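Report on the following structure.
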Amino acid sequence: MPKKLSHYDSRGQARMVDVSAKAKTARKAEASAFVRMKKTVLRALPANPKGDPLDVARTAGIMAAKRTSDLIPMCHPLPLSHIAVTLRVCENGVAIRSAVRTNAETGVEMEALVAASVAALTVYDMCKALDKGIEIREVVLEKKSGGKSGDYKRKP
């Protein structure tokens, strides 16, 4: 674990980390989110007049991963080689999983987290007409590999 936050300079000002001396390596990250909703909303998913909420959310998550550096100020723009977003209807909501890969000087954790978050927000947007009380929960990094900090896997 680093002894200090990397996005601050010696004066305490926010900065973008200089990764120019780092080697490009294969990096992967997976994140997840959960959208909790009533069974009545779940049953209505196939009949949504805006289109298939799960397909729209999957597309939104992919698009969001590609725009992460536009949303998070100190993130580097990365050449993403793969983005996958999956959504699965569960008993009490929609489980979302994102997986992102690159070959770059820095990791793709933020891209995976942004993909899962925006997919969850899109499910909310597509279904809010039926229930404003839909909850977005548990946006987390599930695992990552590559880079100086090594591998990480979330403990259950």
Side-chain angles (χ1 to χ4, degrees), residues 1 5-7 14 16-17 19 24-147 149-156:
M1 171 105 11
L5 296 173
S6 62
H7 285 85
M16 183 180 245
V17 174
V19 297
K24 289 183 180 181
T25 60
R27 297 161 187 267
K28 296 188 274 188
E30 292 183 23
S32 65
F34 189 77
V35 182
R36 186 170 182 263
M37 60 181 70
K38 296 175 182 173
K39 289 183 188 337
T40 54
V41 179
L42 283 170
R43 284 193 294 271
L45 285 176
N48 192 306
K50 294 181 180 181
D52 179 354
L54 303 185
D55 193 45
V56 174
R58 182 183 63 77
T59 302
I62 291 168
M63 291 174 67
K66 295 191 295 186
R67 301 299 301 260
T68 298
S69 65
D70 292 334
L71 300 169
I72 310 294
M74 302 305 166
C75 279
H76 294 82
L78 295 176
L80 303 180
S81 54
H82 180 73
I83 306 164
V85 177
T86 58
L87 294 93
R88 180 176 50 86
V89 175
C90 303
E91 181 181 339
N92 59 344
V94 177
I96 300 166
R97 187 96 176 196
S98 65
V100 182
R101 288 196 299 256
T102 190
N103 191 346
E105 300 87 354
T106 190
V108 288
E109 297 92 342
M110 293 308 300
E111 287 75 7
L113 286 161
V114 167
S117 299
V118 170
L121 288 166
T122 302
V123 171
Y124 182 95
D125 179 53
M126 297 288 289
C127 300
K128 69 182 184 256
L130 296 177
D131 182 16
K132 303 284 191 267
I134 295 169
E135 298 174 3
I136 296 172
R137 298 179 162 198
E138 303 160 20
V139 177
V140 297
L141 179 67
E142 293 291 346
K143 59 184 173 179
K144 71 104 168 158
S145 64
S149 66
D151 295 351
Y152 166 82
K153 185 170 183 181
R154 180 177 162 79
K155 294 177 181 160

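As the structure is a computational prediction, the values presented were derived from the model and not from experiment.
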Quick check for you: to the nearest 0.5 Å, what is the distance between [X] atom [atom1] and [Y] atom [atom2]?
X	Y	atom1	atom2	value
L54	T59	CG	OG1	11.0 Å
R58	I83	CZ	CD1	11.5 Å
T86	I96	OG1	CD1	9.0 Å
M126	T122	CE	OG1	8.5 Å
E111	H76	CD	NE2	11.0 Å
R36	E138	CZ	CD	10.0 Å

Note, V94 side chain near L42 side chain (heavy atom, < 4.5 Å): yes

4.5 Å side-chain heavy-atom contact, L45 and C127: yes

Minimum-distance pair of heavy atoms, taken over all atoms of [X] and [Y]:
X	Y	result
S117	V139	OG-CG1, 3.3 Å
I134	Y124	O-CE1, 3.4 Å
A57	V123	CB-CG2, 3.6 Å
A116	A33	O-CB, 3.9 Å
V108	L78	CG1-CD1, 3.7 Å
A65	L80	O-CD1, 3.6 Å

Donor-acceptor pair, side chain of K132 and main chain of K128, under 3.5 angstrom: yes

Any donor-acceptor N/O pair, R27 side chain to E105 backbone, under 3.5 Å: yes

Using side chain to side chain contact (heavy atoms under 4.5 Å, CB included) as the criterion, list what pairs up with P79, not counting sequence neighbours. T102, A104

Quick test of your reading of the model: are K39 and E91 salt-bridged, counting only N-O distances below 4.0 Å? yes

With no hydrogens and no angle check, just 3.5 Å: does a side-chain donor-acceptor pair link E142 and S32? yes

Among K153, R154, K144, R97, find the one that has a salt bridge (Lys or Arg N to Asp or Glu O under 4.0 Å) with E30. R97

